[in-house]
Structures are given as C-alpha cells and as structure tokens.
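Just so we're on the same page: letters track the sequence lines, and every chain starts at 1.
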There are 2 protein chains.
Amino acid sequence: MGAECHHPDGVHPGLKGSALNHALGAAEQRCAATQERLTAPRRRVLELLLESNSPQKAYDLIAAFGAHGEPAKPPTVYRALEFLERLGFAHRIESLNAYVPCRIDGQSHRAAFLICDCCGAAEEFEPDFTAQLSAAAKAGYQVSTITLEARGRCAACSAG
Amino acid sequence: MGAECHHPDGVHPGLKGSALNHALGAAEQRCAATQERLTAPRRRVLELLLESNSPQKAYDLIAAFGAHGEPAKPPTVYRALEFLERLGFAHRIESLNAYVPCRIDGQSHRAAFLICDCCGAAEEFEPDFTAQLSAAAKAGYQVSTITLEARGRCAACSAG
DNA sequence: GCCGGTTATGTTATCTCATAACAGAAGGTG
DNA sequence: CACCTTCTGTTATGAGATAACATAACCGGC
Ligand SMILES: [Zn+2]
Ligand SMILES: [Zn+2]
Ligand SMILES: [Zn+2]
Ligand SMILES: [Zn+2]
C-alpha cells in the first residue's frame, strides 16, 4: 500500500473468528446499555472495519458489504459509519478519507493517529491535548472535538 | 456561514489594497530567495486566499479565479494550491476540505487550527506538539507532518 | 540567438467521495 | 391496533480531486 516500500500493511492483524465475534458482542452490549441499536448494516460495517488491518475507504466498505459480492448502496454505508463514529466504535481519518475501528477500549474519547506513509498503518493513541486546549482557552475558544493526525514512518518502515 | 447562528464570518478581515499588495510582494520575495516562481495562477490563488476572511473551498477559488467571472479549470487551482502549501503560503484544513492563507510569519511550519462551527472562522495558532511527538517517538514513529484541527466555538460565538 | 532540458500551464475527461430527497419498513408505546 | 420515531432502500445528483497528454515558458550553456 505504501508509495515507497513494500512492507505488509498495518500493525493490527485484523480480527477473525472468536475474537471478531467477541468484539461484535461487546459492541452489542454497549449499544444495549444506551438504548442504541446495532442493526444489521451497522453491525456489518463494524465487522468489515474490525476484520481489516488498515484504514478502509468508504467505497471499499461499499464493495465488500454484500455476502456474495453485491455492493451496498453508498448511503447504507455512510449512515452506518456516522452511527459508528457517534458511538465511538470507529473513527474517520480526515487526511486519508478513510475509517478505522476504535482500537482503544472504553467510551468515546478523543482520538489521535500515527499514520505511516510507507505501509499505510494507522495506529491510534491516546493523546495529551493539554497544551493545545490551553492555547484554545487563551484564544477564547470552547473546544468540542480535536482531530490530530501525524504522518511519517512507523518503526518497521524506518528500519527497513 | 454558521449552521446555528449569524455572526459575521471569521476573525481575519481579509486583505485589501496596499496591505494585499504588500503581502503578495513579500511572497514574491520569499520565492525569489529560493529560486521558486510565483507565477500568475499561483499569485492569483494566493491573492484570493488573502482577500478572504474564511476558509475557501477549491471550487470557490475556481469560480472566482477569472477577472471577469470566467472560472479556472480545476487543475489550475489545485496545482497552485499544491505549490502554495509546499512553500508554506497556505494550509489545507482537512476537516473542511478548504484552504486558508498562512497567517503566521516566517518559514513553513507546523500548523494547527481553531475552527468555529458557528461562524466558520478558522484561526491558526502555533502549536506545542511536545506531548504528541514524545508519544510518537515512544511508538517508534518518525513524524514528518502533523495536522491538528480543533472544532468548537470562538469567543464571539460563545458569548452570543 | 538558439538549442535542449526542465518546469509550468492548458485542456479534456474521468475518477473518487459524499449527500439530498422521499418512500417504505421496523420497532417501541399505550 | 394506532401512532410516533427511527432506520432502511433506492434513485439521483452534488462536491472534491486527479490522470493524461499536448503546449508553452523559463533557463542554462553554447
Ligand atoms: Zn478510538
Ligand atoms: Zn510503516
Ligand atoms: Zn501557517
Ligand atoms: Zn464563531
């Protein structure tokens, strides 16, 4: 996937089998606890994200949606992504126009990403926004969300 | 421009007359110093950005490009934007698909934005990325660029 | 001046990404 | 069941960005 080298994609293996089922089950439970519904299309899109090892484009998800190769209609997937983002099950990476499943346990949170320009990996980390929030407060801003995307090379690609 | 209230756009007035000419002249000088060429379409796009008081979409620039209402062709403007970004004269705001002129003097630098969801203002500030760079280093990443976009409400819109 | 490499532009067409609008189905409540 | 709300299916279109290739301007050496 990288423009400059040929390392395998990503740092997350992508979930399969029981690990995948467990993750989907946990999502069901979190939805049930807040009166939200993890309906079939939402569950399917989350499954596709969890199975993947790298950020997925919306139209990749659209193409992979159907069980026997039939694509979904765009609004089906975009609506599911909107839901998954709202509940904190997925994040959009603006600089890639792509989506990843949340890899950090717990409730919805501020996300930040380390993105490898070589292999395409996108690693989520828990950001410390103290400095930036302080700058925002000084300017009189009430901050509701922050997106931070750092581009560069992952450890494997730096070594290679 | 805001979805929720009707404050005037932005915090930057947009340059006119001699202030605009001065800014464009300074850009010429910075280009000359590095063997880069501020050609007519590049200069025109920078002018449009400097005149504006809020982030401009690419197709807004395309529409406004010609002196007598004739639009530019998309590649003309996208190439100019690529140049302006490369030299640090402009920044792309990923979460808006829009562009702003750099409001911070000096050479190209890491940018960060406070974006008001109410009035559409996008205020550039000088970010302190110490915490995030330290987290990236711990994960073994070599970071080349960082984009940070904080969404919320500006001082005027918080008050109103 | 003019040749030849390099960089930039003009032009056409196409591609990717995302949403509006509306009809219908499913779920939940009394 | 009657009603309201939320979600889904479907069609069509809007918004954002780039590929590909031909032409033109710039700049060095000759
Ligand atoms: Zn997350
Ligand atoms: Zn990598
Ligand atoms: Zn700047
Ligand atoms: Zn505002």
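Position along DNA chain D of the nearest nucleotide to Tyr78(B) versus Thr76(A) favours Thr76(A) as the more 5'-ward residue.
Neither OP1 nor OP2 of dT9(C) sits under 4.0 Å from any side-chain N or O of Lys73(B). At the phosphate of dA25(D), neither OP1 nor OP2 sits under 4.0 Å from any side-chain N or O atom of Thr39(B). Contact annotation: Arg92(A) side-chain N/O to dA18(C) OP1/OP2 distance is under 4.0 Å. A close approach under 4.0 Å does occur between a side-chain nitrogen or oxygen of Arg42(A) and OP1 or OP2 of dC7(D).
Checked against salt bridge (charged side-chain N to carboxylate O under 4.0 Å, His left out), Glu47(B) has the following partners two or more places apart in sequence or in another chain: Arg44(B).
Contact check for Cys102(B) versus His91(B): side-chain heavy atoms found under the 4.5 Å cut-off.
A donor-acceptor pair under 3.5 Å is formed between the side chain of Arg42(A) and the backbone N or O of Arg37(A).
Atom NZ in Lys57(B) sits roughly 10 Å away from atom P in dT19(C) (whole-Å rounding). Atom pair Leu81(A):CG and dT8(D):P shows a separation of 12 Å (rounding to whole Å applied). dG16(D) atom C1' lies 9 Å from atom CG of Asn97(A), rounded to whole Å.
Classification of Arg86(B) and Glu36(B) as a salt-bridged pair holds, one side-chain N sitting under 4.0 Å from a carboxylate O.
Each end of the helix from dG1(C)-dC30(D) to dG30(C)-dC1(D) gets its own axis, taken as the rotation carrying the C1' atoms of four end pairs onto the next four within a five-pair window, and the two axes meet at 30° to the nearest 10 degrees.
Within a 6.0 Å sphere centred on CD of Glu70(A), heavy atoms belonging to other residues, nucleotides or ligands number more than 12.
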Could you tabulate the donor-acceptor pairs under 3.5 Å formed by side-chain atoms of residues 127-137 of chain B, not counting sequence neighbours?
residue   : atom : partner   : partner atom : Å
Asp128(B) : OD1  : Thr130(B) : N            : 2.9
Asp128(B) : OD1  : Thr130(B) : OG1          : 2.4
Gln132(B) : OE1  : Gln132(A) : NE2          : 3.2
Gln132(B) : NE2  : Asp128(A) : O            : 2.8
Gln132(B) : NE2  : Gln132(A) : OE1          : 3.2

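In this structure, Pro41(B) reaches the sugar-phosphate backbone alone: every heavy-atom distance under 4.0 Å involves primed, P, OP1 or OP2 atoms, never a base.
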